[in-house]
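Just the heavy atoms: all of them, side chains too, but no hydrogens, waters or symmetry mates, feed the values below. In each ligand, atom 1 is the first atom listed, and ligand 1 is the first ligand listed.
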Amino acid sequence: MDQKIKNNLKKKIFIKTFGCQMNEYDSNRIYDLAFAAGLNKTEKKEEADCFVINTCHIREKATEKVYHEIGRIKKTFKELKKPLVIVAGCVAQAESDEMIKRESYIDIIVGPQSYHKIGDLILNHQRKKKKINETEFNVIKKFDELQKTPNLENKVSSYITIQEGCDKFCHFCVVPYTRGPEYSRPIQQIINEVKDLINKQTKEIILLGQNVNAYCYHENNKKYSLAYLIKELNKIEKLKRIRFTTSHPLDMSDELIDCFKTCEKLMPILHLPVQSGSDKILKLMNRKHDIKYYLSVIDKLKNKKENIKFSSDFIVGYPSEGEKEFINTLDLIKKVGFINSYSFIYSARPGTPVAKKEVEGTKNDKERLKKLQDILLKFQLADNRKYINKSCEVLVENKLKDGLKFFGRTKFMTPVKFESNNCKVGELVNIKVTSYNQNGLFGYHDNKNIKAA
Ligand code: SAH
Ligand code: SF4
Ligand code: F3S
């Protein structure tokens, strides 16, 4: 065995993850890479020899949050040996060596497109005791390298990144700058990784990308789309459920919409961020579509899959959003009846076009956010209420800590906690729902063999 790896044996790594599901996938892969370099994962931060903060830059105070986190690490390790501190993710990409200059407690900066080098970076740091900044964009190399290290994830529901980056340049968003241009992973590489996961515990695959439905891989003059990939995955017998996120309305092709009808494993819920219900604001945001178009996509999907449900992201208080435009957004929510959505107050991000303009935001954005969230909550509760006294199909993800109950999700992603004396993790079971709250459903395992929704 390599002497450097030997030296790492018994060392432990802890990762604190912020941001989107893609960051969760990345953190999981960083654990795999660290393991290959001789470092074991720990759940206890105070045990860490190597402490990674995987950061998100999407909204305000992102950078300050990282420095606060470092303050907390310093406190935790005050009486202990200082761990190797690595800042990864989108703040690392955006701030680069500024961070090392400002905070000497940081040892390594590594961007989202260079973390495949993390094993070497750790070893180099141990050897040379020099600060390292690695923020190159080399996404092809990243996935080629990652492929050589097995994905050790062993869960019922697993994420897999299939597409990265963004070419859309919405005027409020940092992603095109932190993750770089759109890139789609080779189709076979993805299928191999999915099969590996299925050979362990995985029964549900969630395909990830900042613009997952823009997935398009070219090889030997052939084009492979997300629809193609879903159709391939749908054939894998042991796989029970397929989902994908996050989609841009412009990239909802007819072929992809058709998959909701033809692929029975593709779950009937779609996260389709709209951001605003006003054409004027959508234009200012550079979203490249209007509400009429968005609703036409929703209609097409409903025509293919009658019971499909939708979730979305909303931004309130975007510069120039008046009362009228805000009401347009509330009207859209009432029209579509979204469940399980996210909403945020607009936050000016450094480097984005809208942040550079001297435009005034709305002053009552907190009030607007509350109003919007109240309506979203009403729809969420109404949706959860519909399950009462009915049976629904749940994929069992894990046993709860109390050792008696289980946790799983409906086809529509709604969380369910339930009692059962004979179900197994990884099974699809019928759950009779007895109560609900805004976060999910509660019930018991219904052994009668009835067809569940
Ligand atoms: N690619 C996805 C969204 C990725 S970012 C899409 O196009 O829909 C996730 C969400 O964060 C966005 O949908 C948006 O609602 C929110 N967001 C992004 N930038 C923001 C900003 N500057 N201020 C507030 N919310 C923001
Ligand atoms: Fe950001 Fe827009 Fe790209 Fe989504 S589509 S990641 S919101 S720039
Ligand atoms: Fe955040 Fe980067 Fe994801 S900015 S939302 S971690 S792509």
Given that the side chain starts at C-beta and the backbone is N, CA, C, O, which of these parts of [X] lies under 4.0 Å from ligand 1, counting heavy atoms, or is it both or neither?
X: Arg287; result: side chain
X: Ile345; result: backbone
X: Gln210; result: backbone
X: Phe172; result: both

Identity and separation of the nearest protein heavy atom to [atom]:
atom: atom 9 (C) of ligand 1; value: Asp313 OD2, 3.7 Å
atom: atom 21 (C) of ligand 1; value: Ser347 O, 3.6 Å
atom: atom 5 (S) of ligand 1; value: Ile58 CD1, 3.6 Å
atom: atom 15 (O) of ligand 1; value: Gln275 OE1, 2.7 Å
atom: atom 16 (C) of ligand 1; value: Arg59 NH1, 3.3 Å

Under 2.8 Å from atom 2 (Fe) of ligand 2, the protein N, O or S atoms, given as residue and atom: Cys170 SG
Tyr31 side chain vs Ile15 backbone, donor-acceptor pair below 3.5 Å: yes
Donor-acceptor under 3.5 Å (Asp313 side chain, Gln275 main chain): no
Asn54 and Thr17: CA distance, side-chain angles, deciding distance, side chain to side chain donor-acceptor pair (under 3.5 Å) verdict: CA-CA 5 Å; Asn54 198 3; Thr17 309; 5.0 Å; no
Validation row, ring centre Tyr318 to ring centre Phe326 under 6.0 Å: no
Centroid separation Phe338 to Phe310 less than 6.0 Å: no
His271/Asn340 under side chain to side chain donor-acceptor pair (under 3.5 Å): CA gap, chis, key distance, verdict: CA-CA 9 Å; His271 186 63; Asn340 199 11; over 6 Å; no
Sequence neighbours excluded - ring pair (Phe, Tyr, Trp, His ring centres under 6.0 Å) pairs with any residue from residues 186-233: Tyr224-Tyr228
Do [Y] and [X] meet the salt-bridge criterion of a basic N to acidic O distance under 4.0 Å?
X: Glu64; Y: Arg102; value: yes
X: Lys370; Y: Asp374; value: yes
X: Lys142; Y: Glu164; value: yes
X: Glu393; Y: Lys240; value: no

Amino acids in close contact with ligand 3, where any non-hydrogen atom sits under 4.0 angstrom away: Cys20, Asn23, Thr55, Cys56, His57, Ile58, Cys90, Arg179, Gln210
Best match, Thr352, Thr246, Val316: closest heavy atom to atom 2 (C) of ligand 1: Thr246
More than 12 heavy atoms from other groups under 6.0 Å of NZ on Lys131: yes
Charged tip of Lys309 within 45° of Phe412 ring normal and under 6.0 Å: yes
Interfacing atoms of ligand 1 (cut-off 4.0 Å, heavy-atom, Arg349): 22 (N)
Separation between CD1 of Ile162 and CZ of Arg185, rounded to the nearest 0.5 Å: 9.0 Å
Any non-hydrogen protein atom less than 4.0 Å away from atom 24 (C) of ligand 1: yes
side-chain contact (heavy atoms from CB on, under 4.5 Å) involving Ser157 - partner list, sequence neighbours excluded: Glu204, Ile206, Glu397
